[in-house]
Amino acid sequence: MPLSDELAYVTAADLARRIRRHELSPVEVVDAFIERIDQRNPSLNALVMFDYDRARADAAEAERTLMSGADVGPLHGVPTATKDFVGSRTGSGLTFGGLEAFADFKATEDGMWAERMQEAGAIIVGQTNSPVLAYRGTCDNPLFGPTGNPFDPSRNSGGSSGGSAAAVADGMLPIAQGNDGGGSIRIPSSWCGLFGYKASAGRIPFAMQPNGFMCGFVFPSEGTMVRTVEDAIIGLNILNGYDPTDPISLPEKVDFTPALQGSVKGWRIAYSPDLDVYPVDPKVTAVVEQALDAFRQAGATVEQVSPGFAFDQVETGERIGDMWSQILGTFMVGLLDGLKQQGLDYLGDLRDQMPDEVLYWIERAQKLTPLDVYRDQSARTTVYNGLQGVLNDYDLIVTPTMACPPVKNADDRNTLGPDTINGIPVNRLIGYCMTFFTNYSGHPAATVPAGLDADGLPVGLQIIGNRYADMDVLAASAVFERVRPWYDLYSIPRDRAIG
């Protein structure tokens, strides 16, 4: 068996351990994953830019460091990739999700994610696909096109960290960048059968200048796309810790490794099948409700609850997916104004490079009154109060991660979510994603692979914890992984025929 196939589904943690024991060299590991990317990426379009020469040079340097006997980081020699949205690395391409005007742009500095991961020894081999401005729950854009799902390449990987998710699920990388401002780690993790983790607000710095207060719109988080809870914890241990450029960055550096041995015995877990507002495909519900038994087997009680949300999914000012699109639209107005100052007018002469749906929400946001903005933030507060009201009485909330299975890729480079679920209209950018409530509120949340639906497609179960109770969410995720191990799921993408 070629080394590229042998290593494909080895975890990041195990790769790093084998490298530290000198069983594998960083050079041969990086070469093996580059070979697998070259073989399999054309069938999925997960990576869209490649930095092989620099990766091989970095691997050679990592090899010299290892042989010198020097101390090395927790991911020394492990290949990874940044996300083509805010995943900048000095000298690498960056198109902010397929904006054509940036096709030849090169980043001039390392972003926080790249900086901390490289300090931990990881080796960046390229950039992964993302939708324009990460502004939807699918992964597609005019410049690079859609990313296919490793469980069915005709379907979408999910967004916005969809390229990273597809690469990891298909064994092209053991770990890759994700960031989550509405579910962009958890959405593609659910659809691609991965474990995805969004940390508590401020736990991992998200320094986005010139407006560091992105928390005024949503609580975003950096993170990783991985297949195991252990790998997510390694990433979280690397990424968490204070950064003075993020005004809500938490001051402490925490080691979350003890969560791997955690227990949920005696815990009270609240189950909401729809968060009161989402129509959920019955195929998803069936898988999730069966998966709840894992917590019962581990000694927890699971009770169905209602958070008491009064939002709905009809065409009114209170449609929940529209709220997120509008709130993010206000941030995008400022972002595009900054680009206009640099001569790139995406609401003028470059508007044909912007998806119509993104233009709609940005132009709608331009017309908002101060009262409209106040009402959006008030609705966001209602979400916080509803989740926290349940968590005052329960240790965790669990829900489906996604309200529907992965959608089919469109042929126009503008894949959207469904327009209806169970006959009920939903916002096609994100109204089918049961994730962005915790970006409103700042609660930590994970998605674990719950199983496959009747069509053989992955379904995720979302675990939500109290603010700053990241250890609880990770412990529950580790318990679920022990009781219902999911690694056999990857036999499907592993055995997928490629042209």
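Sequence positions, counted from 1, serve as the residue numbers for this chain.
More than 12 heavy atoms of other residues, nucleotides or ligands lie within 6.0 Å of CG in Asn392, so this atom counts as buried by the packing criterion. Within a 6.0 Å sphere centred on CD of Gln377, other residues, nucleotides and ligands contribute more than 12 heavy atoms. For Glu303, the CD atom is densely surrounded, since the number of other residues' heavy atoms within 6.0 Å is greater than 12.
A donor and an acceptor atom, one from each side chain of Asn409 and Asp140, are nowhere located under 3.5 Å apart. Donor-acceptor pairing under 3.5 Å is lacking for the side chains of Gln127 and Gln177. A side-chain donor from one of Ser306 and Asp276 sits under 3.5 Å from a side-chain acceptor of the other. Donor-acceptor pairing under 3.5 Å is lacking for the side chains of Asp243 and Ser249. With hydrogens and angles left out, the side-chain atoms of Asp231 and Thr224 include no donor and acceptor closer than 3.5 Å. A donor and an acceptor atom, one from each side chain of Thr147 and Ser157, are nowhere located under 3.5 Å apart.
Under a 4.0 Å N-O distance rule, the pair Glu357/Arg428 does not qualify as a salt bridge. Salt-bridge annotation for Arg186 and Asp180: present, with a side-chain N of the basic residue lying under 4.0 Å from a carboxylate O of the acidic one.
Under the side-chain contact (heavy atoms from CB on, under 4.5 Å) rule, Pro400 has a single partner from Glu289, Met434, Gln462, which is Met434. Screening Tyr278, Phe437, Tyr384 for a ring-ring contact (aromatic ring centres under 6.0 Å, His included) with Phe309, the sole residue that qualifies is Phe437. Residue Tyr440 is tested with Leu387, Thr381, Val383 for a side-chain contact (heavy atoms from CB on, under 4.5 Å); the sole match is Val383.
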Please lay out, stage by stage, how Tyr135 and Trp324 fare under the test ring pair (Phe, Tyr, Trp, His ring centres under 6.0 Å). CA-CA 10 Å; Tyr135 203 160; Trp324 182 89; 5.7 Å; yes
Decide yes or no on side chain to side chain contact (heavy atoms under 4.5 Å, CB included) for Thr80 and Leu75, but give the supporting numbers first. CA-CA 10 Å; Thr80 189; Leu75 288 178; over 6 Å; no
Verdict with supporting geometry, Lys253 and Tyr242, side chain to side chain contact (heavy atoms under 4.5 Å, CB included): CA-CA 7 Å; Lys253 178 81 171 177; Tyr242 182 68; over 6 Å; no
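Because its NZ or CZ atom is not both nearer than 6.0 Å to the ring centre of Tyr197 and within 45° of the ring axis, Arg203 does not count as a cation-pi partner of that residue. Annotation: cation-pi geometry satisfied between Arg380 and Phe219 (NZ/CZ under 6.0 angstrom from ring centroid, within 45° of ring axis).
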